[in-house]
Amino acid sequence: MNRYITAALSAALLAALTSCAAEPAPQTASERDVFAMDTFMTMKAYGDGADKALEAAETRIFELESELSVTEADSDISRINSAKGAAVEVSPDTALLVGAGAQYWQDTAGALDISVYPVLREWGFTTGEYKVPDSSTIAKLLKNVCGGEISVSGSTVQIPADSEIDLGALAKGYTGDEIMAIFRENGVSSGLVSLGGNVQALGSKPDGSDWRIGIKDPFSPDENMCVVSIADKAVVTSGNYERCFEADDGKVYWHIIDPADGCPADNGLVSVTIIGSKGLQCDALSTALFVMGTDKAQTYLADHTDVEAVLVTDDGSLLYTDGLREKLDITGDMPSEVIARD
Ligand code: AMP
Ligand code: MG
């Protein structure tokens, strides 16, 4: 009898040891690519609900696009823009995002202004028919840039009669947050989405390690200048190398407009990456801090320690917030400096 017990115990022990020693089978990702919001988007998800989650995420992306698009004639945004000052009933998503636009206008001292749209259009950034507008046209259009006069009350939005808005600076950040919520609801344990310059992760990689996200070198956008390790975070970059053109005067102009003068923001920064837990906040701030420029962006970051940032100056320095000390691998040869916050 004893012999049988010993043999059974040995077999059990062996089974336990071999099962511990064996590598867990790597999980395979379910993946999906979507083209929406003028952006090539990729999504991957791990876990039992991954396929269902990706299906639901795709549906949600197209739903948001149809509400928020500035070019689709019956979107909420187009209806607001053609309402000639009347209050317009909109979806909860649109009300939330227009409200966020108004709030960030205040919070960033006007650097983020969703009503800068007619100026952007004049430069051709919305159509691809680029031109440098003359200064009197810009001055005229700036009169209707009115971030402080946008009002949201429940499900209605109202803007001044001659103003127009677009949510290009915020929409993808919010979309990232919404995809993360759908992933969670469907039991996805781990996932990553890339929506143009917006990357957002649910949890860590399936093996428990951090996701490693490359940040482009604005002077050589085919290469990364650094890699940041994250879990459960958004990494959102606004760069001067996206949607830009060289004009006859030999200068390069880009799609982030300084509402102070109606021209591409040229205040010392060529790339701003914001890292934080909310995609919407990161997206709003990547655009706003780009507009603020080197000094004001650092002052803002000193007062807002809930996000981390990587800034690149136009003379080629990389500045990063102290919370990234252990998380950032600088791969290029740019000189770097830590933005201290106390
Ligand atoms: P992002 O790529 O997130 O920095 O957003 C840039 C987009 O936001 C542009 O393509 C415009 O549609 C819009 N935009 C440009 N400048 C501003 C600004 N100062 N405030 C709000 N939206 C802007
Ligand atoms: Mg943005």
Side-chain angles (χ1 to χ4, degrees), residues 37-41 65 68-71 75 77 81 97-98 100-128 130 138 141-142 144-148 150 159 163-177 194-200 215-216 218 221 234-245 253-267 269-276 278-293 296-297 300 307 309-312:
M37 303 180 180
D38 223 6
T39 304
F40 183 66
M41 305 180 169
E65 179 174 50
L68 307 175
S69 164
V70 77
T71 48
S75 73
I77 299 302
N81 287 345
L97 280 173
V98 176
Q103 184 60 48
Y104 278 110
W105 177 85
Q106 197 153 22
D107 188 43
T108 65
L112 187 103
D113 192 328
I114 59 173
S115 68
V116 84
Y117 175 62
V119 181
L120 267 159
R121 188 173 49 202
E122 191 62 28
W123 281 90
F125 290 113
T126 54
T127 56
Y130 300 124
I138 293 180
L141 292 172
L142 280 176
N144 297 317
V145 173
C146 63
I150 294 167
I159 65 171
S163 299
E164 290 178 72
I165 57 171
D166 117 272
L167 298 172
L170 309 171
K172 282 187 272 162
Y174 178 66
T175 303
D177 289 336
S194 172
L195 321 173
N198 294 46
V199 175
Q200 196 158 347
I215 302 176
K216 286 182 181 177
V235 179
V236 180
T237 300
S238 294
N240 72 339
Y241 50 88
E242 299 279 5
R243 273 195 277 161
C244 57
F245 70 98
Y253 296 95
W254 48 82
H255 69 126
I256 299 174
I257 298 289
D258 187 342
D261 63 7
C263 295
D266 195 7
N267 300 317
L269 295 177
V270 289
S271 168
V272 173
T273 300
I274 305 288
I275 299 148
K278 297 183 207 96
L280 172 56
Q281 180 190 26
C282 294
D283 205 353
L285 294 183
S286 68
T287 312
L289 269 60
F290 190 108
V291 172
M292 286 181 195
K296 286 186 188 159
Y300 186 94
V307 290
V310 180
L311 315 177
V312 181

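Numbering starts at 1 and runs along the sequence shown. Counting convention: from 1, in listed order, for ligands and their atoms alike.
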Report, in ascending order of atom number, the atoms of ligand 1 lying under 4.0 Å from any heavy atom of [X].
X      : result
Ala111 : 18 (C), 19 (N), 20 (N)
Arg243 : 10 (O)
Ser238 : 1 (P), 3 (O), 4 (O)

Return the closest protein heavy atom for [atom] as residue, atom name and distance.
atom                    : result
atom 12 (O) of ligand 1 : Asp166 OD1, 3.3 Å
atom 17 (C) of ligand 1 : Val116 CG1, 3.7 Å
atom 1 (P) of ligand 1  : Thr287 OG1, 3.3 Å
atom 22 (N) of ligand 1 : Ala169 CB, 3.5 Å
atom 20 (N) of ligand 1 : Asp113 N, 2.9 Å

Taking the side chain as everything from C-beta on, heavy atoms only, tell me whether [X] gets closer than 4.5 Å to [Y].
X      : Y      : result
Asp266 : Asp258 : no
Asn240 : Ile256 : no
Leu285 : Thr108 : yes
Pro264 : Ile257 : yes
Gln281 : Val307 : yes
Ile138 : Glu122 : no
Val312 : Ile215 : no
Gln200 : Val236 : no

Please report whether ligand 1 has a polar contact with [X], defined as an N or O pair separated by less than 3.5 Å (distance criterion only).
X      : value
Ser286 : no
Ile256 : no
Val291 : no
Thr237 : no
Leu120 : no

For the pair [X] (side chain) and [Y] (backbone), establish whether a donor and an acceptor sit closer than 3.5 Å, ignoring hydrogens and angles.
X      : Y      : value
Asp113 : Trp105 : no
Asn267 : Gly293 : no
Asp177 : Gly279 : yes

(message) Heavy atoms only: which of Met292, Arg121, Glu242, His255 lies closest to atom 10 (O) of ligand 1?
(response)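 Considering heavy atoms of Met292, Arg121, Glu242, His255, the nearest to atom 10 (O) of ligand 1 sits in His255.
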
(request) Return the option from Thr39, Thr126, Ile257, Asp38 holding the heavy atom at the smallest distance from atom 19 (N) of ligand 1. (result)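 It is Ile257 whose heavy atom sits nearest to atom 19 (N) of ligand 1.
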
(request) Of all the heavy-atom pairs spanning Pro218 and Tyr241, show the shortest one and how long it is. (result)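 The pair with the smallest heavy-atom distance is CA-CD2, 3.5 Å.
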
(message) Please identify which of these residues, Tyr253, Trp254, Tyr117, meets the ring-ring contact (aromatic ring centres under 6.0 Å, His included) condition with Trp123.
(response)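 Answer after filtering Tyr253, Trp254, Tyr117: Tyr253.
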
(request) Sort by chain and number the protein N/O/S atoms that are closer than 2.8 Å to the Mg ion (ligand 2), and list them. (result)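 Listed by chain and number: Ala169 O, Asp283 O, Asp283 OD1, Thr287 OG1.
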
(request) Would you mind telling me if ligand 1 is within reach of the side chain of Leu170, the backbone, both or neither, using heavy atoms under 4.0 Å? (result)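 Neither; nothing of Leu170 gets under 4.0 Å from ligand 1.
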
(request) Answer yes or no for Lys172: is there a heavy-atom contact with ligand 1 below 4.0 Å? (result)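 The answer is no: ligand 1 sits nowhere under 4.0 Å from a heavy atom of Lys172.
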
(message) Between ligand 1 and Pro259, can you find any atom pair, the residue atom being a heavy atom, that is separated by under 4.0 Å?
(response)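 Under 4.0 Å: yes for Pro259.
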
(message) Show, in sequence, the C-alpha distance, side-chain angles and deciding distance for Thr175 and Leu195, and conclude whether the side-chain contact (heavy atoms from CB on, under 4.5 Å) test is met.
(response) CA-CA 9 Å; Thr175 303; Leu195 321 173; 4.2 Å; yes

(request) Apply side-chain hydrogen bond (donor to acceptor under 3.5 Å, both in side chains) to Asn144 and Glu164, showing your working. (result) CA-CA 8 Å; Asn144 297 317; Glu164 290 178 72; over 6 Å; no

